[in-house]
Peer 1: 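Input: one structure, supplied below.
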Number of protein chains: 2
Amino acid sequence: MNKKLNLKQVSQQLGVSTATVSNAFNRPDQLSAKLRERILRESAELGYHGPNFAARSLRKGASDVVAVVLADSISYSLSDPVASQFLQGVAEVLGENKKQLLLLSSASDELEQSSAESLPDGFIFYGAPSGNIFERVSRTGKPIIAVDFETHDIESVNINNEEGAFSVANHALANKPKHAAVLGLRLVDSQRICRLTAQDMSVESKEISRSRLKGYLRAFEEQQLAISPSHVWHIPLNTPEMAEIAAKEALTLNPLPEVILCMSDVIALSVLRVANKLNIAIPQQVKVTGFDDIPEAQRSSPGLTTVCQQSPEKGRVATRLLLKNESKDSVILDTRLVIRASCG
Amino acid sequence: MNKKLNLKQVSQQLGVSTATVSNAFNRPDQLSAKLRERILRESAELGYHGPNFAARSLRKGASDVVAVVLADSISYSLSDPVASQFLQGVAEVLGENKKQLLLLSSASDELEQSSAESLPDGFIFYGAPSGNIFERVSRTGKPIIAVDFETHDIESVNINNEEGAFSVANHALANKPKHAAVLGLRLVDSQRICRLTAQDMSVESKEISRSRLKGYLRAFEEQQLAISPSHVWHIPLNTPEMAEIAAKEALTLNPLPEVILCMSDVIALSVLRVANKLNIAIPQQVKVTGFDDIPEAQRSSPGLTTVCQQSPEKGRVATRLLLKNESKDSVILDTRLVIRASCG
DNA sequence: TTGAAAGCGCTACCAT
DNA sequence: ATGGTAGCGCTTTCAA
């Protein structure tokens with residue numbers, strides 16, 4: 001087996017110049033189709049399958065690699081249906097444009113990753129990053145798209161979380177329930193499931209969860225209803241395990257809330273399951289709403305009333321925005337209230 | 001903003017040699033902790049965040065990048081719970097070892113991707129790849145792990161599909177149902193949902209699906225039961241949409257099968273949903289089994305009887321095998337029959 | 001179409 | 001602990 005063949009050696013073997021071999025791989029218009037054909041075929045036979053990636057990138061100053069920088073760990077993000085759908089959209093468009101996908105996480109080791117950060121030609125930040133990877137990357141001047149957060153001067157793709165939350169809450173609260181509960185995601189800085197306090201309620205922030213809470217609260221006002229902080233849960237991670245614990249707490253309240261507003265579908269689906277176990281009828285006894293419209297939400301029984309935030313489309317839009325450097329405008333994707341049986 | 005700073009310029013600015021700066025980033029033991037500290041801090045202030053990736057990789061002949069080569073498109077794989085869980089396991093171990101994750105697909109453009117193939121230090125092939133990326137990569141002599149398939153001389157991680165399928169089928173068939181159906185995945189080469197013919201049944205192959213079918217058939221024999229090819233479905237993709245169509249066909253058979261063996265949990269969960277819609281009681285009227293034990297399988301109602309194949313662990317094991325080049329042995333992971341209410 | 005050559009930024013070696 | 005430097009493999013320019 002010929003171990004390491006390089007372009008130069010191949011060109012010698014084939015009796016052509018290095019420039020010609022390079023052109024065969026990179027610029028088909030610089031040589032006759034026939035010669036290109038021959039070079040491609042014969043070099044493959046020799047075991048040369050194209051220019052060395054590192055050398056090419058070094059020389060060209062570009063790599064055709066795009067990084068998605070996840071706010072959470074890669075592993076967790078892959079387990080989250082929302083992030084996962086977003087990545088599907090990204091992968092789709094990258095594939096069409098022959099770009100490679102590198103997954104990074106702002107939650108991982110700074111020093112080790114910072115060298116890898118010089119590889120990609122562009123970055124999609126999914127969720128507000130921790131650490132200072134964002135600053136490092138910004139300084140390189142490479143194109144960046146911010147998704148689900150905003151930063152000065154950077155193009156972003158977002159949804160209107162407050163409006164979405166308002167619309168679903170307003171729908172759910174329309175017939176004036178006496179008691180309601182909110183199962184919130186990442187509302188305060190704690191790894192534990194807990195309920196909010198009065199001062200927790202009024203924190204001002206542009207975080208996703210805070211915007212959603214704001215939308216909910218506006219709906220309560222609109223309907224002239226009140227919600228006590230003790231009926232607002234904080235769940236630190238969007239996992240069924242965590243959500244079920246909070247769901248159990250909410251569904252064993254006395255009196256039982258007639259409406260439970262959940263900040264994600266994963267949470268809402270957990271409520272549905274726990275309710276089922278406790279023989280609580282949905283929506284007759286408790287109406288449940290989610291947020292996201294993940295695939296599972298339309299398949300559940302009863303179907304989940306939720307806010308569709310088009311995660312795959314978000315991924316596609318963000319990626320197109322990154323690749324075609326034309327439009328300098330940020331995008332707000334529409335959300336849509338999806339009414340299903342869990343809150344008819 | 002200082003645009004492009006390189007190591008040489010940084011070393012001049014800091015008044016030290018290039019070797020020292022390089023050592024500061026790469027070999028902490030080659031200089032005093034104090035000096036290293038200073039260099040790291042001051043170069044960060046200058047806007048230099050570590051060696052250029054392409055140059056470093058070119059020079060070192062290694063990149064700290066590991067590629068997972070997916071048999072299907074990246075986008076589809078991300079939507080598949082089994083592949084997704086596998087990737088979670090991979091990402092976990094890569095993170096611990098400070099390796100970066102590059103997602104490739106053997107289903108994508110050969111020419112464009114083949115240059116990127118020279119980047120990773122190692123490859124995990126998830127599922128038997130199409131095209132000849134496997135041959136190309138093999139020739140480089142870089143470490144490769146094959147997952148869910150086997151090839152001469154390559155370390156692999158597999159499960160015993162036949163045994164797993166046998167155990168679940170044998171359990172399901174124990175009280176001699178008069179009619180049974182099999183909802184199979186990728187049994188023949190067709191993009192359409194269809195049922196098998198007599199000659200389809202006897203194809204010999206080491207593919208996952210074929211092994212599972214073999215296990216099922218062995219269980220039928222063991223129980224002295226027969227299954228007609230017309231009661232064996234082929235489903236081309238592991239998606240709920242496809243599965244529901246086949247499920248509907250199987251659940252509207254007359255007479256109704258008392259047992260439906262499904263080659264994946266996604267399929268089995270679809271059967272559960274369709275049965276629910278058709279008011280068919282599970283497991284009273286129809287017993288349903290799956291394969292994989294995806295997270296959704298334990299949360300469904302009724303819970304799904306299935307074969308646990310430890311997808312995340314598979315990812316971890318494959319990645320460890322790749323990184324520690326010690327053990328030259330392939331691995332067969334245990335499968336475990338998980339009995340839940342859908343087939344008690 | 002070709003040959004020659006510069007140089008992308010870095011690491012590792014050697015000598016000091 | 002440092003300075004100097006070869007060379008990793010490639011693309012691109014230039015002149016022929």
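So that the names make sense, note that chain A is the first sequence line, chain B the second, and so on, each numbered from 1.
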Peer 1: For residues B:Ser77 and B:Asp72, is any side-chain donor paired with an opposing acceptor at under 3.5 Å?
Peer 2: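 Per modelled atom types, B:Ser77 and B:Asp72 side chains form no pair under 3.5 Å.
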
Peer 1: In terms of side-chain heavy atoms of A:Ala19, which of D:dG4, D:dT2, C:dA4 is nearest?
Peer 2: C:dA4

Peer 1: Would you please confirm or rule out a distance under 4.0 Å between OP1 or OP2 of D:dA1 and any side-chain N or O of B:Thr20?
Peer 2: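 Answer no for this pair, as no side-chain N or O of B:Thr20 is under 4.0 Å from OP1 or OP2.
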
Peer 1: Does B:Arg36 make a side-chain N or O approach to OP1 or OP2 of D:dA1 shorter than 4.0 Å?
Peer 2: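 False: B:Arg36 side-chain N/O out of range (4.0 Å or more) of D:dA1 OP1/OP2.
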
Peer 1: Please report, rounded to the nearest Å, how far the C1' atom of D:dA1 is from the NZ atom of B:Lys34.
Peer 2: 14 Å

Peer 1: Is B:Ser17 near enough to D:dG3 that one of its side-chain N or O atoms lies under 4.0 angstrom from OP1 or OP2?
Peer 2: yes

Peer 1: Can you confirm whether the side chains of A:Asn26 and A:Arg56 place a donor and an acceptor under 3.5 Å from each other?
Peer 2: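 A:Asn26 vs A:Arg56: donor-acceptor pair found between side chains.
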
Peer 1: Expressed in angstrom and rounded to an integer, what is the separation of A:Gln9 atom CD from D:dC8 atom C1'?
Peer 2: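 The distance from CD of A:Gln9 to C1' of D:dC8 comes to 12 Å, rounded to the nearest Å.
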
Peer 1: Under 4.0 Å between any heavy atoms, over every strand shown, what does B:Tyr48 touch: base, sugar-phosphate, or nothing? Just pick one.
Peer 2: sugar-phosphate

Peer 1: So if I take every side-chain heavy atom of B:Leu35 and compare against D:dA1, C:dT2, C:dT1, which nucleotide ends up nearest?
Peer 2: D:dA1

Peer 1: Counting C-beta onward and ignoring hydrogens, is there a side-chain heavy-atom pair between A:Val331 and A:Asn158 closer than 4.5 Å?
Peer 2: no

Peer 1: Send over the distance from B:Lys60 NZ to C:dG9 C1', rounded to a whole Å.
Peer 2: 14 Å

Peer 1: Nearest whole Å is fine: how far is C:dT1 C1' from A:Asp29 CG?
Peer 2: 13 Å

Peer 1: Rounded to the nearest angstrom, tell me the gap between atom CG in B:Leu5 and atom P in C:dC8.
Peer 2: 14 Å

Peer 1: Classify B:Leu31 by what it touches in the nucleic acid, base, sugar-phosphate, or nothing, heavy-atom distance under 4.0 Å.
Peer 2: sugar-phosphate

Peer 1: How about A:Thr20 and A:Ser17: does a side-chain donor come under 3.5 Å of a side-chain acceptor?
Peer 2: yes

Peer 1: Side chains of A:Arg136 and A:Asn132: do they bring a donor and an acceptor to under 3.5 Å?
Peer 2: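 Yes, side-chain donor-acceptor contact under 3.5 Å.
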
Peer 1: Using atom CZ of B:Arg56 as one end and atom C1' of C:dA12 as the other, report the distance to the nearest whole Å.
Peer 2: 13 Å

Peer 1: Classify the nucleic acid contact of A:Ser57 as base, sugar-phosphate or nothing, counting any heavy atom under 4.0 Å across all strands shown.
Peer 2: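 No contact at all - A:Ser57 keeps every heavy atom at 4.0 Å or more from the nucleic acid.
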
Peer 1: Starting at the 5' end of DNA chain C, which residue's closest nucleotide do you reach first, B:Ala54 or B:Asn23?
Peer 2: B:Ala54

Peer 1: To the nearest Å, give me how far apart NZ (B:Lys8) and P (D:dT2) are.
Peer 2: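 Value for this atom pair: 18 Å.
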
Peer 1: Under 4.0 Å between any heavy atoms, over every strand shown, what does A:Asn26 touch: base, sugar-phosphate, or nothing? Just pick one.
Peer 2: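 Answer is sugar-phosphate: A:Asn26 comes under 4.0 Å of backbone atoms only.
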
Peer 1: What is the distance from CG of B:Asn6 to P of C:dC8, rounded to the nearest Å?
Peer 2: 8 Å

Peer 1: Using heavy-atom distances to pick each residue's nearest nucleotide on DNA chain D, tell me which of B:Thr18 and B:Leu58 is more 5'.
Peer 2: B:Thr18

